[in-house]
Amino acid sequence: MTFLKHTALLILFFFSTIGFSQTTYPKITGYFGILHPILTVSNEQTNLNFRDYYAVGFPTGINIWKNQKIGFSFEIVPNIKDENGTDKVTNILFHPGVLVALGNGYTFAGRLAFESGGRYGVTPVLNKTVIKGENCSYFVAVPLPVRFGNNHPATFTAGFQFGIAF
């Protein structure tokens, strides 16, 4: 009976270390970043961040990698806008998507977008890990959001994001 207990404990230990190891899949990572939309274009107008207003977002998310090449990501982005001396949270973005590792530190994220302000759309993102550490990595990204709805014209935005993943 003691042999069976020890064998069972050894098997349990073996499988639990595999389950919590960062080299096995699924692999879970988290991240936090700062997003600056640079330019927003519609058929009615073109707006430039830092000139017409100041807008900033704080993407926070979890990535679940199925294997080395593909994963799922869920991101929440509170957005703040300062315009004419007034600042406020303008909306919260819910941003689920698919991750595709492209190699050499590049990742493509294809995201759906659902904004609390009533807009929706898609956001393709090209991400590059620039510093890979033992416990965290630093990245830069170029999100290209396209938005529709809420009685506004369709918009296209180009942005710049940087952050830390752990």
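Along the sequence shown, residues carry numbers from 1.
Within a 6.0 Å sphere centred on NZ of K132, heavy atoms belonging to other residues, nucleotides or ligands number 12 at most. Other residues, nucleotides and ligands contribute more than 12 heavy atoms inside 6.0 Å of the CZ atom of F160. The number of heavy atoms from other shown groups lying within 6.0 Å of CG (L48) is above 12.
Going from atom CG of N91 over to atom CG of L93 covers 6.5 Å, rounded to the nearest 0.5 Å. Rounding to the nearest 0.5 Å gives a distance of 11.0 Å between OG1 of T107 and CG of N104. The CD1 atom of I164 sits 11.0 Å away from atom CD1 of I34, with the distance rounded to the nearest 0.5 Å. Put simply, OG on S73 and CH2 on W65 are 8.5 Å apart, with the number rounded to the nearest 0.5 Å. Atoms CG and CZ, on L39 and F156 in that order, are 8.0 Å from each other to the nearest 0.5 Å. A distance of 4.0 Å separates CD in E75 from CZ in R111, rounded to the nearest 0.5 Å.
Residues T129 and S137 share a closest heavy-atom pair of CG2-CB, 3.9 Å. In terms of heavy-atom proximity, A141 sits nearest to N127 at CB-OD1, 3.6 Å. Across all their heavy atoms, N150 and G117 have their closest contact at ND2-O, 2.6 Å. Here the closest non-hydrogen pair linking I70 and N67 is N-OD1, 3.0 Å. The two residues V89 and I80 have their closest heavy-atom pair at CG2-CG1, 4.1 Å. Counting all heavy atoms, side chain and backbone alike, I76 lies closest to I92 at CG2-CG2, 3.7 Å.
Ring centroid separation for the pair H95 and F114 does not come in under the 6.0 Å cut-off.
Under 3.5 Å, the side chains of T155 and R119 contain a donor-acceptor pair of N or O atoms. There is no side-chain donor-acceptor pair under 3.5 Å between T90 and N79. Side-chain N/O atoms of Y54 and E83 include no donor and acceptor closer than 3.5 Å.
Taking the side chain as every heavy atom from C-beta outward, P124 and F108 approach each other to under 4.5 Å. Counting heavy atoms from C-beta outward, L99 and F72 have side chains that stay 4.5 Å or more apart. Using a 4.5 Å cut-off on side-chain heavy atoms (C-beta onward), I28 and N63 make no contact. Residues F32 and F58 are in side-chain contact: their nearest non-hydrogen atoms beyond the backbone lie under 4.5 Å apart. Proximity of P26 to K66: side-chain heavy atoms (C-beta onward) are nowhere separated by under 4.5 Å. The side-chain heavy atoms of F94 and F74, taken from C-beta on, include a pair separated by under 4.5 Å.
In the hydrophobic cluster analysis, where Ile, Leu, Val, Met, Phe, Trp and Tyr join through side-chain heavy atoms closer than 4.5 angstrom, V142 is grouped together with V146. L144 and V125 are members of different hydrophobic clusters when ILVMFWY side chains are connected at heavy-atom separations under 4.5 Å. The same ILVMFWY cluster, assembled from side-chain heavy atoms under 4.5 Å apart, contains both V100 and Y106. Transitive grouping of hydrophobic side chains (ILVMFWY, heavy atoms separated by less than 4.5 Å) brings Y120 and V122 into a common cluster.
Of the listed residues (T40, T157, T123), just one forms a side-chain hydrogen bond (donor to acceptor under 3.5 Å, both in side chains) with R147, and that residue is T123.
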Q: Kindly indicate, with the supporting measurements, whether the criterion side chain to side chain contact (heavy atoms under 4.5 Å, CB included) is fulfilled by K81 and D87.
A: CA-CA 5 Å; K81 187 173 187 179; D87 56 272; over 6 Å; no
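Using cut-offs of 30° and 60° for the angle between ring planes, the F139 and Y31 rings count as perpendicular.
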